[in-house]
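In what follows, a structure is listed as structure tokens, so that the remarks can point back to it.
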Amino acid sequence: MESKMTKIYARSDKKIQLKVYAGHFATPQSHITHYLDLTTMRSRSSEAMRIAEALAANYETSIPVDTIICMSGLEVVGAYLAETLTRAGVYSMNSHQTIYITSPEYNNSGQIIFRDNIQPMIRDKNILILDGSITTGETLSRAIESILYYGGAIRGIASIFSAATSIAGLPVYSIFNHQDLPNYGSYSAATCPLCAQKQKLDALVNGFGYSKI
């Protein structure tokens, strides 16, 4: 990645560092001015644990959580989040008194689905959605629709970064937000000012990473 990298530090924990690249990037839904590199956050255990602890602080023990749905490859963070919530006394209604951790699947049409063997973790369960970076909220909205379709009750949305404060009427709790990255911009391809300025795309990005062009 040729774009210059800077680091932003979480207000709640200065050891949580978000790597940010400024440039011109295309997601499946929009064009954005910054790419947020979450690679080590979701793969390095020490960072994943700190993120989980920071996110868990937003949830009261009176809110039940049975299943954590991990978007964008955040299963490691999800496992630590489940452990942290359990240790804090968050109630689980599962018969095994434990929190499930799973991820959605995308079919050929881009729909979010859950296979038959995963559906018992969704149906009649209290769901916490964990995401890495929320920009337009379109993917998360589809996840919410899918979870509701399969009979889950959504109790919260947690994210490392979110440009939105709520999705589908549900509050989003994030470690980093628009105040931490005030120059962050998200546009449709048709209205992108960087495209209008003939600025070439640096990379195609999604929740899993980037591919340089």
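Positions are given from 1, in the same order as the sequence printed here. Hydrogens, waters and symmetry mates play no part in the numbers below; they use all other heavy atoms, side chains included. A quick note: this is a predicted structure, and the numbers were derived from the prediction, not measured.
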task = Determine, using the 4.5 Å side-chain heavy-atom cutoff (strictly less than), whether Tyr9 and Val20 are members of one ILVMFWY cluster.
result = no

ask   = Just wondering, do Lys200 and Ile213 contact through their side chains at under 4.5 Å, heavy atoms?
value = no

query = Looking only at atom types and distance, does a side-chain atom of Gln119 sit under 3.5 Å from a main-chain N or O of Phe114, one as donor and one as acceptor?
reply = yes

inquiry  = Between Ser103 (side chain only) and Cys70 (backbone N and O only), is there a donor and an acceptor less than 3.5 Å apart?
reply    = yes

message = Working note: Ser186 + Ser30, criterion side-chain hydrogen bond (donor to acceptor under 3.5 Å, both in side chains); need CA distance, chi angles, decisive distance, verdict.
response = CA-CA 6 Å; Ser186 173; Ser30 63; 3.3 Å; yes

message = Rounded to the nearest 0.5 Å, what separates atom CD1 in Ile167 from atom OG in Ser141?
response = 5.5 Å

request  = Spell out, as yes or no, whether a donor-acceptor pair under 3.5 Å connects the side chain of Lys4 to the backbone of Ala22.
outcome  = no

remark   = What one should report as the nearest heavy-atom pair of Ala158 and Leu128 is N-CD1, 4.3 Å

Validation row: Ile175, Arg50 side chains within 4.5 angstrom (heavy atoms) = no

message = Using the rule given for side-chain hydrogen bond (donor to acceptor under 3.5 Å, both in side chains), can you reason through Gln29 versus Thr136, listing the C-alpha separation, both sets of side-chain angles and the distance that settles it, and then say yes or no?
response = CA-CA 8 Å; Gln29 293 83 28; Thr136 64; 4.8 Å; no

message = Please determine whether the number of non-hydrogen atoms from other residues, nucleotides or ligands lying under 6.0 Å from atom OH of Tyr106 exceeds 12.
response = yes

ask   = Within a strict 4.5 Å, meaning less than it, do heavy atoms of the Ile69 and Ile122 side chains meet?
value = yes

message = In the structure I gave you, are the side-chain heavy atoms of Tyr187 and Thr33 within less than 4.5 Å of one another anywhere?
response = yes

ask   = Under 4.5 Å between any side-chain heavy atoms of Ile118 and Glu105, yes or no?
value = no

key: Flag side-chain contact, heavy atom, 4.5 Å: Arg42 against Ile51   = no

ask   = Does Leu18 reach the side chain of Leu38, with side-chain heavy atoms less than 4.5 Å apart?
value = yes

Ile16 side, atom CD1; Met49 side, atom CE - distance, nearest 0.5 Å = 12.0 Å

key: Euclidean distance, Phe176 CZ relative to Leu181 CG, rounded to 0.5 Å   = 10.0 Å

task = With the side chain counted from C-beta on, respond yes when Ile32 and Val205 share a heavy-atom pair under 4.5 Å apart, and no when they do not.
result = yes

request  = Kindly determine whether Ile157 and Ile144 satisfy side chain to side chain contact (heavy atoms under 4.5 Å, CB included), including the steps that lead there.
outcome  = CA-CA 10 Å; Ile157 300 172; Ile144 290 170; 4.1 Å; yes

ask   = Any Lys/Arg nitrogen of Asp66 or Arg155 sitting under 4.0 Å from an Asp/Glu carboxylate oxygen of the other?
value = no

query = Measuring from Leu85:CG to Ile68:CD1, what's the distance to the nearest 0.5 Å?
reply = 5.5 Å

ask   = If you round to the nearest 0.5 Å, how far is CG of Leu140 from CD of Glu145?
value = 10.5 Å

message = Strictly distance-based, threshold 3.5 Å: is any side-chain N or O of Ser72 a donor or acceptor partner for the main-chain N or O of Leu74?
response = no

message = Keeping Asp202 on the side-chain end and His24 on the backbone end, is there a donor-acceptor pair under 3.5 Å?
response = yes

task = Kindly work out whether a path of hydrophobic side-chain contacts (I/L/V/M/F/W/Y, heavy atoms less than 4.5 Å apart) joins Met71 to Tyr149.
result = yes

query = How far does OG1 of Thr191 sit from NE2 of His31, to the nearest 0.5 angstrom?
reply = 9.5 Å

key: Heavy-atom neighbours of Lys14 NZ exceed 12 at 6.0 Å   = yes

key: Donor-acceptor pair, side chain of Thr27 and main chain of Asn206, under 3.5 angstrom   = no

inquiry  = Heavy-atom count check: over 12 atoms from other residues, nucleotides or ligands less than 6.0 Å from Tyr184 OH?
reply    = yes

query = Is a side-chain donor or acceptor of Ser146 paired with a backbone partner of Ile112 at a separation under 3.5 angstrom?
reply = yes

task = Apply side chain to side chain contact (heavy atoms under 4.5 Å, CB included) to Thr165 and Val172, showing your working.
result = CA-CA 5 Å; Thr165 56; Val172 177; 6.0 Å; no

